[in-house]
Chemist: 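Structure provided below as structure tokens; questions to follow.
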Amino acid sequence: MERVKTGIPGLDEMLRGGLLPQTATLVEGAPGTGKTTLGMQFIYHGIVDYDEPGIILTFEQFPSQFYRDAANFGWDFRKLEDEGKLRIIMSSPEVSLVDLQAVGGQIEALAREMGARRILVDSLSHFQRLTSDPLQLRHLTYSFVNGLKREGLTAVLTWESPVLLGEPAEYDVGIPFIIDTYILLRYVEIESAVHKALLVLKMRGSDHDKDIRQFDISGRGIEVRSKFEGHEGIMSGSPRRMADSFVQAFIRR
Amino acid sequence: MEREDLVGRVMADMDPELLAFLRTRVNSFVKWDLIRFFGENPHTTDTAENIARYAGRNVEATRAELAELAAQGVLVESHLGEMTVYSLTSNPEIRRLIQRFLEASNDRQFRVKAIYHIIRGMR
């Protein structure tokens with residue numbers, strides 16, 4: 001099966017080779033967990049390693065912030081824009097939604113003109129300001145996501161979680177139901193140190209790794225490492241050692 | 001009066017192309033902000049309300065200045081559903097002038113002169 005590789009060390013293995021083409025992936029996490037970095041890395045590797053031009057649609061951060069943050073990882077986004085392989089569009093959810101629904105809108109025209117195959121939307125959470133009705137929000141985001149797929153784009157969409165440590169926020173908007181792949185990024189406290197955890201919670205149409213993996217953000221971006229060993233309740237943010245007494249008793253035998 | 005003329009001559013000592021651009025297009029501080037915003041974000045298409053928020057300016061003042069910039073050909077005003085949205089012109093000559101203006105604005109001497117012309121234009 002054809003895969004859209006993220007190029008992120010460790011993540012493509014978890015995804016059994018990469019994302020499925022023309023699907024939408026939600027990356028949910030607290031501030032600073034690396035949602036945008038993951039998305040930028042997906043776009044960067046798409047352009048540089050797989051010759052797949054990309055678009056970044058930002059609802060809050062200025063393009064200059066993307067240039068600067070990308071440069072910290074050695075990714076020259078300005079150069080990629082000059083080469084016509086990347087476009088960073090700053091807009092609002094209301095304008096982007098109507099634009100995508102219209103025939104010949106800016107996103108559609110741009111995607112076709114540059115042959116874009118990937119898009120990062122940072123962040124889908126901003127759609128919440130369009131309506132307070134959960135059903136309508138689900139309807140709006142569903143339409144938006146389908147518009148991206150219609151343009152042949154494989155999308156990574158970030159979602160801001162207000163919870164720094166602990167269980168994921170309870171959704172009353174049904175967003176995870178309308179996306180294809182759902183990746184959770186979490187802070188985890190282990191022995192007075194904060195680590196980062198990544199879990200692929202859902203991947204429609206494909207098997208995927210169910211482990212909760214550690215990941216780091218280094219000078220080269222995100223690197224997904226091995227799974228957390230010897231702890232349980234990782235996603236609670238405050239894991240416990242796995243039944244020490246039980247393990248010891250078992251070993252004594 | 002003589003002193004003012006002298007100051008005026010000193011302040012007019014800048015690249016004629018940029019001086020003309022300044023006098024005809026960038027004739028208010030809000031316009032300066034908007035031109036800088038679109039110069040740095042050339043793919044933005046958005047409403048006056050959102051652009052005002054990005055620029056940290058009052059919505060009504062921004063709306064009027066956006067309309068003027070559109071009338072002057074710096075921006076393009078279009079309708080998206082029920083929304084009026086603005087984007088940067090695709091005219092390469094105006095885009096080149098904007099980039100020249102933004103680059104020149106990095107120089108303090110140029111900024112001082114530009115501010116002088118904007119204030120004079122506002123009288």
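In what follows, every chain begins at residue 1, and chains take the letters A, B, ... in the order their sequences are listed. What you are looking at is a predicted structure, and each value in this text was computed from that prediction instead of being measured.
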Chemist: In residues 93-110 of chain B, which residues are in contact with chain A at a heavy-atom separation under 4.5 Å?
Modeler: none
Chemist: Counting only heavy atoms closer than 4.5 Å, note whether A:L110 contacts chain B via side chain, backbone, both or neither.
Modeler: neither
Chemist: Which atom pairs, donor and acceptor, lie under 3.5 Å between side-chain atoms of residues 69-81 of chain B and protein residues at least two apart or in another chain?
Modeler:
unit_1 : atom_1 : unit_2 : atom_2 : d
B:Q72  : NE2    : B:T24  : O      : 3.1
B:E77  : OE1    : B:Y86  : OH     : 2.9
B:H79  : ND1    : B:T84  : OG1    : 3.3

Chemist: Are B:F21 and B:I35 packed together at the side-chain level, in the sense that at least one heavy-atom pair is separated by less than 4.5 angstrom?
Modeler: yes
Chemist: Please tell me if the side chains of A:L137 and A:L130 come closer than 4.5 Å, counting only heavy atoms from C-beta onward.
Modeler: no
Chemist: Suppose we screen for side chain to side chain contact (heavy atoms under 4.5 Å, CB included). Which residues come up paired with A:K79, at least two apart in sequence or across chains?
Modeler: A:D76, A:E83
Chemist: Measuring only between side-chain heavy atoms, which start at C-beta, is A:I43 closer than 4.5 Å to A:W75?
Modeler: no
Chemist: Could you look at A:E60 and say if it's the side chain, the backbone, both or neither that has a heavy atom under 4.5 Å from chain B?
Modeler: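 No part of it gets close to chain B.
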Chemist: Identify the residues of residues 36-45 of chain B whose heavy atoms come closer than 4.5 Å to a heavy atom of chain A, ordered by number, or report 'none'.
Modeler: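 B:F37, B:E40, B:N41, B:H43, B:T44, B:T45 fall under the 4.5 Å cut-off.
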Chemist: For B:T47 and A:E94, does a side-chain donor sit closer than 3.5 Å to a side-chain acceptor?
Modeler: no
Chemist: Might you confirm whether atom CG of A:D49 has over 12 heavy atoms from other residues, nucleotides or ligands at distances under 6.0 Å?
Modeler: yes
Chemist: Once you round to the nearest 0.5 Å, how far does CG of A:L184 lie from CG of A:L198?
Modeler: 8.5 Å
Chemist: Can we say B:R25 and B:E68 salt-bridge, meaning some charged N sits less than 4.0 Å from an Asp/Glu carboxylate O?
Modeler: no
Chemist: Got more than 12 heavy atoms from elsewhere within 6.0 Å of CZ, A:R220?
Modeler: no
